[in-house]
Novice: 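Take a look at this one; I'll ask things after.
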Amino acid sequence: MQEELIKRAVELMEDGTVNRVLGWQKGQFVYDITPAVFTSADELKENFVYNDFCGDNLSKYLKDETEKEGKVLVFLKPCDTYSFNQLLTEYKIHRENVYAIGIECYGKADVELLRRKGIDGILDVKNENGTLKIATIYGDEEVPMMEAMAERCVNCKSKKHVAYDELIGEDGEVLDSNRFDMVEKLEQMSAQERFDFWQGELSRCIRCNACRNVCPACTCEKCVFDNPDSGLYNKAAADSFEEKMFHIIRAYHVAGRCTDCGECSRVCPEHIPLHLLNRKFIKDYNELYGSFMAGAEVGQVSPMVDFTMDNDAEPSIVQKGGAE
Amino acid sequence: MSVKENTEFQPTIVAFCCNWCSYSGADLAGTNRLSYPTNVKIIRVPCSCRINPMFVLRAFQRGADGVILCGCHPGDCHYMEGNYHTRRRMTLLFSMLNYLGIESARTRVEWVSAAEGQRFVDVMDDFTAKITELGPNRRLEDLRCKKN
Amino acid sequence: MAIYKLPYSDLNQLFAAIAANEKLYLPVDISEDEAAFRLWKEGDQMTKKLNTLRSAKDFFFPQVQPLAKFRRQGQTIEIMDDRTESEDFVIFGARACDVRSFDVLDRVFLEEPVDTQYQTRRQHSTVVSLACGRPGETCFCGSFGIDAAKAGGDVQAWHDGDNFYLEPLTDKGVKLIDSVSSLLTAGDQEAVDQVVEKIHTILARLPLAGLKPQDLRDKELETFNSPKWDELSSHCIGCGSCTFVCPTCQCFDIEDFKNGENVERYRCWDSCMYNEFTMMAAGTPRKTQKERFRQRFMHKLVYYPIKNDGMYSCVGCGRCLRKCPIQMNIVKVMKALEEEA
Amino acid sequence: MQRIGVFVCHCGTNIAATVDVEAVAEAAKSVPGVVFSADYPYMCSESGQDLVKESVQKYNLTNVVICSCSPRMHEKTFRKAVESIGMNPYMLEIANIREQCSWVHKDKEEGTEKAIMLMKAACAKATLNTPLTPGMLPVTKRALVIGGGIAGMQAALDIAEAGYEVDIVEQKPTIGGKMAQLDKTFPTLDCSSCIVTPKMVDVGQNDKIRILSYSDVEEVKGYIGNFDVKIKRKARYVDEDKCTGCGLCTEKCPMKKVPNEWNLELDTRSCVYIPFAQAVPKVATIDPRYCLKLNKGTCGICSKVCGVGAINYEAKDEIIEEKYGAIVAATGFEIADISRYDEYAYGQSPDVVTSLEYERLMSAAGPFGGHLLRPSDHKEPKKIVFVQCVGSREEESCKGGKEYCSKVCCMYTAKHAILTKDHYPDTDIYVFYIDVRTPGKLFDEFYRRAVEQYGVHYIKGAVGKVTPHKETGKLEVQGYDMILNEQMHIDADMVVLAAAVEPSHTARRMATMLTAPMDNNDFFTEAHAKLRPVESATAGVFLAGMCQGPKDIPETVSQASAAAAKVIGVLAKDQLVGNPCIAHPDELMCNGCSQCAGVCPYGAITYVEKEFRMPNRTTKMRRVAQVNEAVCQGCGACTVTCPSGAMDLRGFSNNEIMAEVDALCL
């Protein structure tokens, strides 16, 4: 796959379709891959990488990238294409300045999941038919890819590319995933249990803002949490209230725009399952106002700005349905 | 803070009322010399759709034990659609608070028209009673804002 | 100094004995993935993980720290000192990198004007370090002359699976060992040397073992103007994860929390990666992410060494290597700068 | 730094009985920013107002907080008072310590405590007040009326009467609308043409009114006082100014087989045509779909016979641009398509007709010259069945019918029955109904006349099936009488269906252009169902007639006159004063995501590309929101949608509301 992508990128650069390529760059280990812009065939051949660890969603970079001179080539995994469309919906990408290639994805590995298994000192990881063969300082290990796969990929919502100029590999289908199972499980807990769960998770937050800054939906010129005049400004949670405040507002502000790409949970240094907050909103509006997938199409009206006169539930439904 | 300090729990209740219906309804309750608990403190907003989730959270942070939003009945909004937006936004916000384990009875939306002075009183009586029963807000409090 | 030992199985008794006298903080598992220092309570096990996610700097320089309260009464304002005197406490199991980070921070906070909050906490602490039996691929403390096998602190410790070895290095350390001496027996240097030897063998095989920082003290301007910064910073998302997991980052902001008519003043960590860092009336001095990114690494690799006799403000703990959302980090920066040189 | 003055009203004993007003005034003294406080028996009295004014001047107050009755009562009074001495009226806040404190609480201690909190909250908000100035907007003193039916004509005449110019845009070649097609009107039975054609003439002759017939509104931009409208004048191929309406061309036109819309296609007309004798403007129009000259290049007879040379085959559609200060939407209605109701055999037999077709059949200007004949065999019908509520009052799930009541059918069916009986007393008439609804002056009397005096058979029940029998020419009507609980069979000669009315099919497009809201049925929504029934929520757009909901002629005319009065109210002003409490985007923070426009009920938000200064002497074009101050009504829906808080509401800003929250909670 990697070779194919490089070949096509070089072609498109050579025929003048694009003048640079937004992709993934090799790191010093097998897994520390950095998003990067490549401007020559040599750079591509030397440093471009596409492997099991290329989890980064590149679409948000297009916000700045498409404001530059000339067309940029971007590689988008199926879930990234949703973010791409959502950014287009919000006028964040200049479509004419980007050439999007949709690429297949069978799920990405998360090195933290290997570490969770006690595997450390990782020197190399090879995927051989669904088994990760890991070389470490302390000996070799084997882990089935499924067990090293990020939660968002295990519960992949769609293998379909909803936007692209060209496709490399197969296009898939929207999947009937189990991504709401954990939300449901939480819903079925008692209020006290839920409170304890979230208190435990959110109290670990260090307010590094990685979840926000990586989020393709977070494109504000100035975030309310960075704005001393907003009434929400704060740099660190000085009280546990502020941990909740930050995460409730963050999730609320992206509700109806969040494509459930899972970047927030991927980057959280504390492994807080932030996607469970976003998914709660998604699950709620799907159930209450009809199925909606942000980014499925450009120009959709989000359920957060829409309403029906007669069919919308009253807020009291929360009390009736909620476990106490 | 209530004068009945140290006797029983006196909740702080913030009621956001839209200018056209509910605030007038509250005025009517006064004009008719009806009565509801002093715990209820009303904030006037042009429309219930003006109420930002952050106001609701702010109220809890600063010491509210219950927050209630009142607007025109669906279909009667002075701005035609405002309360439809409120309905969705607050349903989703309340659901999220509930999901985080915050007691769902602490938040409420009620539609009160300008003619429903009695209803305003009934709603506030009931809400105050429910919050009193529920006790002080502990799950969404900010310790710095607690009175000492 | 003398070496003491106790059977590994008696570790819990050691914890209990220390905790009987003062507060004991121990790295424990807080989730499947991460460990953190927590106040020890009966039954807590020391984590098997290499290191805590948040560094041990939290003990001396916590993320949020109250400074003062302003209470308003009528037309008068009362200012209340909010600082509390610290109690004695023990940090147990800090790694060599974190122990070195205290030296880095000391040079900032204990310089005139002395940060009394930091100073108080430092004075009240006793640090028991622990050698790294299983360093990870992201470790590069050796690059800064740190020996993960001899972790330093007030007491340094090792374990070889069967026994736990302790060596007091300072008066505070001796005092701590004395207070628990009933549990300890004399240890043999040879056993410790074996552990050290074993660790050194592993350290030599680490992928970043050969990494050596350049002395850039007389290349301040060239480094500042290096074209590499553009590329290195180009995909930085400007979050603060590297800063907040870093054991040596020491920037903070002072904020007021308006609480009705009262104000609570506190300080909290800030990150030079944030665009509102050192915001002034006229705006921010570092307007682009490149400038902010450069600031962080210039500080660690150039400015700090210039002021501190060549000591780097990085201890090679590798936390930022693991936590950066886009996997850009100080090692890549060091390598890129070296490439250019 | 703020210098706030707090004024506490006793309101006689209304407040003072349950609130220790002096304690409130005293407590105010220690509130940050307050430099003066006082209590007074009646703040709203002239001397009370004087106290406020004097204090403002004496203590250099920047803000005033009045603790008194509801702001809905005296906010305006006090704002006027402070404005009179040069203070910005929006630097004043009211703490409602009467309706929401003294009157609802009995315990004086508690009441006082709460009043103090309300006072503090008002002070907290006042501290953040900023001076607001309403925008002034110029007014183009001309009106546009969309639709030339009775509603549009009446509105235009009333506006013209007040001295303002009006343009009527009518899509058909003539004004007159549906009313001109009616035979008689209920309940007076006067001839519809006889009352509507003089109106048409009045409109045509009024020098303040310009009729733009055979035209469509193409684009509406702007806002109250300043609408920019593009109107398409469809090519008529006849010069309106030259044509005298002599009708010679229509006689000579060889293409005579064009279905005649005017008679609902019950007969035919020529290709170049004048819709009916009293058409206004009375000029011919060439139907380009059928014209031989336009389609095949042959014929050209009309041009040859026209004595004034009015025919112009080269004519093109033309777009004209006009400015208006106010717009009346009077787009009227259509008869709903009932072809899907197979059971009534509409479309299968020409003798099954809609009520409007029946009007034409009875009309003296209709296809049979006023002689009631069956369309199939031109024989007089002896037995007629009327079916009510065809397509009205139905569940949508049923056949896509209308849930609403079409309102006029009960009455016009009674009218049809009476008229038929009047002219042809031996006709048997059956009316199948669900309910008979006759609210209206002399309406029930009229209906009772049909039943009691004319012996029309009213049957509560439904018609299940109409079967046309070719051999007998009869229509077999199977019905069900709910009162007798029995099936009925009637061999009718004609069946008349009271088809639902629905808004004009152009209404949705029009509403989008006008940014005027519509309901699910495509009726325009009024700004307030009770209190602003002739205004659209979009400022400067007014509603008249069926486009707002089913209504009869007198209701339509009253609404049209009311709408005209509202238009005159706008046009009479040289400038409009805006509401200063409106949304306002901070362009530096707006990222142009465009969610706010999605919730604005007034279409007040638009986006522009603006250039911003960026670091290192660069600039960047960015999409940012703009709020049209004339259109925004200040609901605040957009402010909550804006994640960055770039959109804020003046007078009720985020910080002002949160300051109140803080003061009330702490």
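Because the structure is predicted, anything quoted here is derived from the model rather than measured.
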Novice: State, to 0.1 Å, how close C:L105 and C:C249 come at their nearest heavy-atom pair, and which atoms those are.
Specialist: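 Minimum heavy-atom contact is CD2-O, 4.4 Å.
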Novice: So, do A:C208 and A:P269 sit near enough that their side-chain heavy atoms are less than 4.5 Å apart?
Specialist: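 They are in side-chain contact.
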Novice: Let me see the donor-acceptor pairs closer than 3.5 Å between chain C and chain A, or none if nothing turns up.
Specialist:
from: C:E32; atom 1: OE1; to: A:R116; atom 2: NH1; distance (Å): 3.2
from: C:D33; atom 1: OD1; to: A:R116; atom 2: NE; distance (Å): 2.7
from: C:D33; atom 1: OD1; to: A:R116; atom 2: NH2; distance (Å): 3.3
from: C:D33; atom 1: OD2; to: A:R116; atom 2: NH2; distance (Å): 2.8
from: C:E34; atom 1: OE2; to: A:H271; atom 2: NE2; distance (Å): 3.0
from: C:Q63; atom 1: NE2; to: A:I206; atom 2: O; distance (Å): 2.8
from: C:P135; atom 1: O; to: A:Y138; atom 2: OH; distance (Å): 2.5
from: C:E137; atom 1: OE1; to: A:G121; atom 2: N; distance (Å): 2.9
from: C:E137; atom 1: OE1; to: A:I122; atom 2: N; distance (Å): 2.9
from: C:E137; atom 1: OE2; to: A:Y31; atom 2: OH; distance (Å): 2.5
from: C:E137; atom 1: OE2; to: A:R115; atom 2: NH2; distance (Å): 2.8
from: C:R205; atom 1: NH2; to: A:I137; atom 2: O; distance (Å): 2.5
from: C:H235; atom 1: O; to: A:Y61; atom 2: OH; distance (Å): 2.7
from: C:H235; atom 1: ND1; to: A:P35; atom 2: O; distance (Å): 3.3
from: C:I237; atom 1: O; to: A:N213; atom 2: ND2; distance (Å): 3.0
from: C:G238; atom 1: O; to: A:N213; atom 2: ND2; distance (Å): 2.8
from: C:G240; atom 1: N; to: A:C208; atom 2: O; distance (Å): 2.7
from: C:D253; atom 1: OD2; to: A:K235; atom 2: NZ; distance (Å): 2.7
from: C:E255; atom 1: OE2; to: A:Y233; atom 2: OH; distance (Å): 3.0
from: C:D270; atom 1: OD2; to: A:K235; atom 2: NZ; distance (Å): 2.6
from: C:Y274; atom 1: OH; to: A:R207; atom 2: O; distance (Å): 3.1
from: C:Y274; atom 1: OH; to: A:C208; atom 2: O; distance (Å): 3.1
from: C:Y274; atom 1: OH; to: A:N209; atom 2: ND2; distance (Å): 3.2
from: C:R322; atom 1: NH2; to: A:D120; atom 2: OD1; distance (Å): 3.0
from: C:R322; atom 1: NH2; to: A:D120; atom 2: OD2; distance (Å): 3.1
from: C:K323; atom 1: NZ; to: A:E112; atom 2: OE1; distance (Å): 3.0
from: C:K323; atom 1: NZ; to: A:P269; atom 2: O; distance (Å): 3.0
from: C:K323; atom 1: NZ; to: A:H271; atom 2: NE2; distance (Å): 3.4
from: C:P325; atom 1: O; to: A:R266; atom 2: NH1; distance (Å): 3.0
from: C:P325; atom 1: O; to: A:R266; atom 2: NH2; distance (Å): 3.3
from: C:I326; atom 1: O; to: A:T34; atom 2: OG1; distance (Å): 3.2
from: C:Q327; atom 1: O; to: A:T34; atom 2: OG1; distance (Å): 3.2
from: C:Q327; atom 1: NE2; to: A:I33; atom 2: O; distance (Å): 2.4
from: C:N329; atom 1: OD1; to: A:Q28; atom 2: NE2; distance (Å): 3.3
from: C:K332; atom 1: NZ; to: A:D32; atom 2: O; distance (Å): 2.9
from: C:K332; atom 1: NZ; to: A:T34; atom 2: OG1; distance (Å): 2.8
from: C:K335; atom 1: NZ; to: A:Q28; atom 2: OE1; distance (Å): 3.4

Novice: Take A:F225 and A:I249 through the side-chain contact (heavy atoms from CB on, under 4.5 Å) test and state the conclusion after the steps.
Specialist: CA-CA 10 Å; A:F225 290 101; A:I249 296 292; 3.7 Å; yes
Novice: Just give me the residue among C:I202, C:L321, C:V245, C:I237 that pairs up with chain A most often, heavy atom to heavy atom, under 4.5 Å.
Specialist: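 The candidate making the most pairs under 4.5 Å is C:I237.
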Novice: Closest heavy-atom contact between C:C139 and C:L50?
Specialist: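 Result for this residue pair: SG-CD2, 3.6 Å.
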Novice: Quick one: are A:V21 and A:F75 in side-chain contact, heavy atoms under 4.5 Å?
Specialist: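 Touching, per the 4.5 Å side-chain cut-off.
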Novice: Count the heavy-atom pairs under 4.5 Å between each of C:P207, C:P66, C:A36 and chain A, then report the option with the highest count.
Specialist: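 Between C:P207, C:P66, C:A36, the count favours C:P207.
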Novice: Of all the heavy-atom pairs spanning A:V267 and C:P325, show the shortest one and how long it is.
Specialist: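 Looking at all heavy atoms of both residues, the closest pair is CG1-CB, 3.3 Å.
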Novice: Could you pull out the closest heavy-atom pair between C:I330 and C:F140, with the gap in Å?
Specialist: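 Taking every non-hydrogen atom into account, CG2-CZ, 3.6 Å.
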Novice: For a quick test of reading the model, state the closest non-hydrogen atom pair linking C:L208 to A:F29 and the distance between them.
Specialist: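 For C:L208 versus A:F29, the nearest heavy atoms are CD1-CZ, 3.9 Å.
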Novice: Name the option with the most non-hydrogen atom pairs under 4.5 Å to chain A; the candidates are C:V331, C:I326, C:L206.
Specialist: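 The residue among C:V331, C:I326, C:L206 with the greatest pair count is C:I326.
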Novice: Specify which of A:G55, A:P35, A:A236 makes the most heavy-atom pairs with chain C at under 4.5 Å.
Specialist: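 Most pairs with chain C among the choices: A:P35.
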Novice: With only heavy atoms counted, which part of A:L123 is less than 4.5 Å from chain C, the side chain, the backbone, both or neither?
Specialist: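 Looking at A:L123, just its side chain touches chain C.
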Novice: Using non-hydrogen atoms only, which part of A:L22 is less than 4.5 Å away from chain C: side chain, backbone, both, or neither?
Specialist: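 When you check distances to chain C, only side chain atoms of A:L22 fall under 4.5 Å.
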Novice: Could you tell me which portion of A:V111 (side chain, backbone, both or neither) has an atom closer than 4.5 angstrom to a non-hydrogen atom of chain C?
Specialist: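 Neither part.
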Novice: Return the minimal non-hydrogen interatomic distance between C:A209 and C:L203, and the atom names on each side.
Specialist: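 Distance-wise, the nearest heavy atoms are CB-O, 3.5 Å.
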